[in-house]
2 protein chains.
Amino acid sequence: MNESVDTLQSLIISAHRLTRIAAQHTGNGTSPAVWRTLSILINDGPMRIGELAAASRVAQPTMTKIVQNLAAEDLIRRIADVDDARAWLIAITPKGQNALNTWLQQVAESAAPLFSDLTADDWAAMRAVASILERHISVSEVAA
Amino acid sequence: MNESVDTLQSLIISAHRLTRIAAQHTGNGTSPAVWRTLSILINDGPMRIGELAAASRVAQPTMTKIVQNLAAEDLIRRIADVDDARAWLIAITPKGQNALNTWLQQVAESAAPLFSDLTADDWAAMRAVASILERHISVSEVAA
DNA sequence: CCGAACTATATAGCTGCGCTATGCAAAATC
DNA sequence: GATTTTGCATAGCGCAGCTATATAGTTCGG
C-alpha cells in the first residue's frame, strides 16, 4: 500500500510543477485559491462565503477577501440570502466563467507541448485518473 | 484534442485541492515551493541556485531566499563551486530528505481516507499517470 | 594583462496571500 | 427579551514571490 503513498505524492508534485510552468509561461500570476474558488462555484453552484471557504480549504477571512476582489472585477456577484440577513450567496458571473476558462486554457496550452508524444492509451489513462480524482475530492465528498 | 485540455485542467485542480486538504489536515503550511525544491534536489542531485530557480520555476531571488531559509534549518547545505567562486552548489542533507519524506507522508495520509475505496485497477491507472507526468515534467525535459 | 562586458548570486523594497484574533449584527434558544 | 450562537467583516501580522538593482567573480578583446 506504500505504492499508493508514492503515487499520490508524485501526482501532486507534478501537478504543482505544471502550475508553475503555466504561470511563468503566461505571465498570469493569479493565485490558485482564486481559480479553485471559481471552479467550485461552477461545479457546485452558488453558496455562502463560509461554505466556499470550507470547500476551497482556506480560512473564512481569506475567502471574504477573495470574494471582495472577485466582486470588484465582476467575476462573481453577491445575492442576498432571503433566509438569513447575515449571509450572502456567492454566484459566478458569465465574466467569471470566461476568466476561469481563459486561465485554464492557458495552463493547458502551456503544458500541451510537453505532452505532444502521448499515445491515445496514455490520454485514456489520464482521463480515467482525472475522473477518479474529481469524484473523490468533490466538495460533497470532502465535507466529511 | 480538447479532451486533453479538460483532462489536464481537472488533474491540476484536483491536485491543488489535495494539497490544501493536507495542509489544513496536518497544520503544516510549508510552501509548495519549498518541497518542490527539495524534491528536485533529491531527483536531480546538487545544483546551482540559478539552475534550481529555473527548475522549481521561481525567480532567482526567490530561490536565494528559499535556500537561505532551508540552510538555516540544515535541510540543505551550500558547497563551494571550485570552478566558479561566484556560485554555490546546493545539496540536500539527510535532515532535508527526512523533512521532505515526512511532509509527503503527511499529505498522502491526509488523502488516503478519501481513496480507500479505490480498486487495484484504479491504483494501477493512478500509478501509470503519475509515471507519465514525471517523465514529461522532469527538469531535463522542461529545460527546453 | 587591463578594462569592458557578462554572469552568478545577494539585497532592497513592493504587492498580495493566508493566517489568527476580534468586532458586529442577525438568529436561535430559553 | 436577554443570552448564546452563528455568519461575515475588519485589523494586523508574517511570509512568498516578484522586479530592479547592487556586488563580486569571470571572460574576452585589444
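Below, chains carry the letters A, B, ... as their sequence lines are ordered, and counting in each starts from 1. Just so you know, these numbers come straight off a predicted model, no measurement behind them.
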Would you check if there is a donor-acceptor pair between the side chains of A:Thr64 and A:Gln68 at a distance under 3.5 Å?
no

Base, sugar-phosphate, or nothing for B:Asp81, non-hydrogen atoms under 4.0 angstrom?
nothing

On a heavy-atom basis, the closest approach of B:Leu18 and B:Ala111 is CD2-CB, 3.5 Å

Identify, between A:Arg20 and A:Arg48, the residue whose nearest nucleotide on DNA chain D lies closer to the 5' end.
A:Arg48

Atom CG of B:Asn69 and atom C1' of D:dG14 are separated, to the nearest Å, by 12 Å

5' to 3' on DNA chain C, which nucleotides open and close the contacts with chain A (atom under 4.0 Å from a heavy atom)?
C:dC17 to C:dA27

Is A:Gln68 touching bases, backbone alone, or none of the nucleic acid, heavy atoms closer than 4.0 Å?
sugar-phosphate

A:Ile49 CD1 to D:dA9 C1': how many Å, rounded?
9 Å

What residues from residues 30-37 of chain A pass a heavy-atom cutoff of under 4.0 Å to DNA chain D?
none

So A:Ala59, base contact, sugar-phosphate only, or nothing? Heavy-atom distance under 4.0 Å.
base

Rounded distance (Å) that lies between atom C1' of D:dC8 and atom CG of A:Leu52:
13 Å

A:Ser131 and A:Arg135: CA distance, side-chain angles, deciding distance, side chain to side chain donor-acceptor pair (under 3.5 Å) verdict:
CA-CA 6 Å; A:Ser131 161; A:Arg135 280 200 309 277; 2.8 Å; yes

Return the value, rounded to whole Å, for the distance between atom CH2 of A:Trp88 and atom C1' of D:dT6.
17 Å

Indicate whether the side chain of B:Ser110 and that of B:Gln106 have a donor and an acceptor atom separated by less than 3.5 Å.
no

Counting only N and O atoms by type, is there a donor-acceptor contact under 3.5 Å from the side chain of A:Arg77 to the main-chain atoms of A:Ala91?
no

For a quick test of reading the model: is some side-chain N or O of A:Arg78 closer than 4.0 Å to OP1 or OP2 of D:dA9?
yes

Expressed in angstrom and rounded to an integer, what is the separation of A:Ile76 atom CD1 from D:dC8 atom P?
13 Å

I'd like to know if the side chain of A:Thr30 pairs up with that of A:Asn28 as donor and acceptor (distance under 3.5 Å, no hydrogens or angles considered).
yes

Does anything in residues 7-31 of chain B pair up under ring-ring contact (aromatic ring centres under 6.0 Å, His included), and if so which pairs, sequence neighbours excluded?
A:His16-B:His16, A:Trp35-B:His16

A:Lys65 or B:Arg86: which one's nearest nucleotide on DNA chain C is closer to the 5' end?
B:Arg86

Mind calculating the distance between CD1 (A:Ile66) and P (D:dT10) to the nearest angstrom?
15 Å

Distance-only polar pair, side chains of B:Glu134 and A:Ser10, donor-acceptor under 3.5 Å:
yes

